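One structure below.
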Amino acid sequence: MASKIIVPADFGIENLNSPVHSNITIEMSEFPELLVNSLILSYNSPVFLDIFRDTDMRVPVLDMKKHNAAAVRKFIEALYTGDVRLEKSLLKDFSELSSKYKVAWLILRCHNYFYDLLETVSSSIEDMHLLFEEACQIKLLIGDSVYLNQVTKKILSNGHKISDFIELYLNKDYLGLTKPQIKLILSLNPLNYQVFLNVVYKHVFESQSFDETSRAILLRVDLVRAIEADVQGYQTLFNLLLVKLQDVSRQDRRLIHRLHMDALKRYKANHPEDRIIKSEAVSCCAKAFKTLKKMGSKTELKLLPSKYHLFQCYKIFEDMELSDFVDVLALSSEVKNLFMLLEALDMFAAWEKFNSATLHKVINCIHERSWSKVPPNFLRSLYWLNNCPDKLDMLQGCTQLISHNTHSVIISQQTTTPRRFLLEGGFYKFPFHRPRTTNCVVLSTQCGVLVKTEPLSHDGEKKFALQVVKEQGLYSAHDMHFHAQLLLPERMHFVVEMYNEGEEDGIDMEIAWARGKPEFREEQIYWGGWNWGDAHLARMVLYFDNS
C-alpha cells in the first residue's frame, strides 16, 4: 500500500496529536510535545523510515529540542497536510529540517520561496541577511552555490558590503559555528580578511579566553592576506593573543606562536623591504615568552624591566621547538650577524636537537640577511657546542658557514678577572690595520675601536654595560682614532671570554647582546652570574669583518 501513495499528500491535520493513531512522541524546546504517526513521517522522509526501522521502539521518542520549535511544528504539519505556507523568519530553520530529513518536495518549495524572496525582498540589512543565511545553509546542506552567488550579487548591487554580512553571520552564534560554516565563509568573494581579525578579537577580548571557534578561524584564514589587508588589526589581535591573554593553555600558546611566525615568514618572502611588521613580531614573541614564565616555567633567569632580550625570553619558554627558535632569530632585527645567532643556540644548549634541516635554515638566513661567515676559532669558543663534537664537526665542515679570511680576530691588550667586569669600569683597546678605504696615513695615532665597560646593579644582581666609544677625545687619550663608517654592528662582534692562564682558547661567556638600535646608540646590557668563578682571567675579543 505504501508504494501507491505519492507525496505530498493530505493525511489530515486532525490526525496530528491523535491518541488513537500516534505512536511516536516528538520532544521540542519551549513547545508541548507532538504525537505523530511513524507511517506518515516515513512516507515523506527516507530518513524517518530508517530511524523507525532501526530504533528500538520500546522508547518511541524523537528528540528535536535543538531545532527551532516553531519550525519543527510547521515542518510536521506540512508532512501531514501536503502543503505549507513559508515565512521569512522560519525559512532558514525550516529549510534545514527539510534537507536534514530529505523531504524532497519541501526542499523544492524552500528553493522556490527563496527565489521569490530574492525578487521581492527589500534591500534592508535585515532582509538581505536572512537571504544570506539561507543561501549559506543551502550551500552547506546540498553543496549548491548558485543561491549564494545570486545573493552576493544582490547584496553588492544594493550598495552593501559582503563584509557586513560576514560579520553578522559570524557574530550571531560565534561559539556554535561549525568548521564547514567557517570554511564556507572563508570561500566567499570578495573576502575582507580584517573582518575575521576583528570578530576574533572581539570575542577573545570579551571572554578573555581562546575558544575552539577562534582556533578554527585562525587555522583556516590566510594570515598573510590578513596582514596585507590590515596590518594594524593583525598586530592588535596577536598582541592580545600572545601577550595580554592569560587564560591560554601551553598547547594553544605554542599554536598561536607557530601560526604567527609562519605568517611573518611568508609575509617577509612576499614583502622583503617591509619592516613594519618585523619589529612588532619580535617584541610580541618576546612578551609572549615572558608571559609563559608566569605559567610555571622554572628558571632563575631574571629580566631587566623594559630591557629584556628576545633570546633570554626563549630561555623562559624551554618547551619551544628549536626550528621555531631559529625562525625567530632569522626574523629578529636585533640579530645583527651570524655570531649572535650561533651564540643564541649555544646559550640554550640546543645542539643535541640540531640537525641538517636546522643547518639548512641557518644557511638560508645567512643568504637572506647577507651575513658574512664566521672564523673557526669562534666555534671553538662556544662551550656547549664543544660538548657535542659531532655537531662541531658538522658546522666546521660547512663551507657556507665557516671562513678563514673574512674576519680579523683582535684580542684586547687588557686582561682582568671575571669579577672585575662586574665591579670596576674600564676601557679596552682594539687596534686594527689601517683600512684601505680611508685616508688617515697622516695621523700618528692608530686605527681601532675603543670599548668602555661600566658596572651596573639592579635588584641586587650585578651586571655591566658595554658601549662602543664614539668620542674622538677619548680615542686621542688612548693614542687611537676611529672611523665612524666602520663602527657598525653588522661588521663587528664583541665577545667576553673566560680562560685560564696558559690557555690559548677562551670560552665565550654568552651573556647577552645589544637590544640597542644600530650604530650602538644604546648601551648593551651584559649579565653576570654564569660560572664567573670557574675561570682565572677574562678578556675581550673583537671579530671584525674585513671582507
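Owing to the predicted nature of the structure, the values given are computational and were not obtained by experimental measurement. Numbering starts at 1 and runs along the sequence shown.
- Between Leu168 and Asp164 there is no side-chain heavy-atom pair separated by less than 4.5 Å.
- Residues satisfying the side-chain hydrogen bond (donor to acceptor under 3.5 Å, both in side chains) criterion with Asp211, sequence neighbours excluded, are Ser214.
- Here Leu118 contributes atom CG and Gln150 contributes atom CD; the two are 6.0 Å apart, rounded to the nearest 0.5 Å.
- Side-chain N or O atoms of Asn239 include none that pairs as donor or acceptor with a backbone N or O of Gln235 at under 3.5 Å.
- Across all non-hydrogen atoms, the minimal contact from Asp127 to Ser122 is OD2-OG, 2.6 Å.
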inquiry  = Determine whether Glu134 and Phe94 satisfy the following criterion, side-chain contact (heavy atoms from CB on, under 4.5 Å), listing intermediate values before the conclusion.
reply    = CA-CA 10 Å; Glu134 176 60 17; Phe94 192 91; over 6 Å; no
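- Here Lys183 contributes atom NZ and Leu219 contributes atom CG; the two are 13.5 Å apart, rounded to the nearest 0.5 Å.
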task = Could you go through the side-chain contact (heavy atoms from CB on, under 4.5 Å) check for Leu170 and Phe196 one step at a time?
result = CA-CA 9 Å; Leu170 294 175; Phe196 290 90; 3.9 Å; yes
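- At least one side-chain heavy atom of Leu148 sits under 4.5 Å from a side-chain heavy atom of Cys136.
- Between Thr25 and Leu62 the shortest side-chain heavy-atom distance does not fall below 4.5 Å.
- Tyr174 is linked by a ring-ring contact (aromatic ring centres under 6.0 Å, His included) to His203, counting only residues two or more places apart in sequence or in another chain.
- Across every non-hydrogen atom of Asn158 and Ser123, the tightest pair is CG-CB, 3.6 Å.
- Shown here are the side-chain hydrogen bond (donor to acceptor under 3.5 Å, both in side chains) partners of Ser29, two or more places apart in sequence or in another chain: there are none.
- Atom CG of Leu338 sits about 5.0 Å away from atom CG of Leu401, to the nearest 0.5 Å.
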query = Passes side-chain contact (heavy atoms from CB on, under 4.5 Å), Leu41 versus Ile51? Steps please.
reply = CA-CA 10 Å; Leu41 268 59; Ile51 290 173; over 6 Å; no
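- Asn270 pairs by the side chain to side chain contact (heavy atoms under 4.5 Å, CB included) definition with Val224, Glu228, not counting sequence neighbours.
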Please tabulate, for the side chains in residues 110-117, all donor-acceptor contacts under 3.5 angstrom to protein atoms that are two or more places apart in sequence or on a different chain.
unit_1, atom_1, unit_2, atom_2, d
His111, ND1, Tyr147, OH, 2.8
Asn112, ND2, Leu108, O, 3.4
Tyr113, OH, Lys88, N, 3.2

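- Across all non-hydrogen atoms, the minimal contact from Ala135 to Val151 is CB-CG2, 3.9 Å.
- In this structure a side-chain-to-backbone donor-acceptor pair under 3.5 Å is present from Asn15 to Phe11.
- Scanning for side-chain hydrogen bond (donor to acceptor under 3.5 Å, both in side chains) contacts around Thr358 gives Asn355, with sequence neighbours left out.
- In terms of the ring-ring contact (aromatic ring centres under 6.0 Å, His included) criterion, residue partners of Phe205 (sequence neighbours excluded) are, by chain and number, Tyr201.
- Between Ser38 and Asn23 there is a side-chain heavy-atom pair separated by less than 4.5 Å.
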key: Evaluation steps, side-chain contact (heavy atoms from CB on, under 4.5 Å), between Val36 and Phe48   = CA-CA 12 Å; Val36 299; Phe48 279 132; over 6 Å; no
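- The shortest distance between side-chain heavy atoms of Leu218 and Leu241 falls below 4.5 Å.
- Counting only heavy atoms from C-beta outward, the side chains of Leu177 and Tyr169 approach each other to under 4.5 Å.
- Checking side-chain atoms of Ser95 against main-chain N and O of Lys92 turns up no donor-acceptor pair under 3.5 Å.
- When all heavy atoms of Ile182 and Ala216 are compared, the pair lying nearest together is CD1-CB, 3.7 Å.
- Applying the side chain to side chain contact (heavy atoms under 4.5 Å, CB included) test to Glu167 and every residue at least two apart in sequence or in another chain returns Asn171, Val195, Val199.
- Open room surrounds CD on Glu30; 12 or fewer heavy atoms of other groups in view lie less than 6.0 Å from it.
- To the nearest 0.5 Å, atom CG of residue Asn44 and atom CG of residue Leu49 are 11.5 Å apart.
- The side chain to side chain contact (heavy atoms under 4.5 Å, CB included) check on Glu212 picks up Lys179, Arg215, with sequence neighbours excluded.
- Shown here are the side chain to side chain contact (heavy atoms under 4.5 Å, CB included) partners of Ser22, two or more places apart in sequence or in another chain: Ser18, Leu35.
- Contact check for Val326 versus Leu345: side-chain heavy atoms found under the 4.5 Å cut-off.
- Annotation: the span from Leu359 atom CG to Phe354 atom CZ amounts to 4.5 Å, rounded to 0.5 Å.
- Residues satisfying the side-chain hydrogen bond (donor to acceptor under 3.5 Å, both in side chains) criterion with His360, sequence neighbours excluded, are Asn364.
- Atom CG of residue Leu106 and atom CG of residue Leu97 lie 9.5 Å apart, to the nearest 0.5 angstrom.
- Using a 4.5 Å heavy-atom threshold, the side chains of Ile402 and Leu395 count as separate.
- Minimum interatomic distance between Asp222 and Arg266 (heavy atoms only, all atoms of both residues): OD1-NH1, 3.8 Å.
- Of all the heavy atoms in His129 and Phe165, the pair that sits closest is N-CE2, 3.4 Å.
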Give the table of side-chain donor-acceptor pairs shorter than 3.5 Å for residues 67-84, with sequence neighbours excluded, one pair per line with atom names and distance.
unit_1, atom_1, unit_2, atom_2, d
His67, NE2, Lys100, NZ, 3.1
Asn68, OD1, Ala70, N, 2.9
Asn68, OD1, Ala71, N, 3.0
Arg73, NE, Glu77, OE2, 3.2
Lys74, NZ, Arg85, O, 3.0
Lys74, NZ, Glu87, OE2, 3.4
Tyr80, OH, Asn37, N, 2.8
Thr81, OG1, Glu77, O, 3.0
Thr81, OG1, Asp83, N, 3.3
Thr81, OG1, Asp83, O, 3.0
Asp83, OD1, Arg109, NH1, 3.1

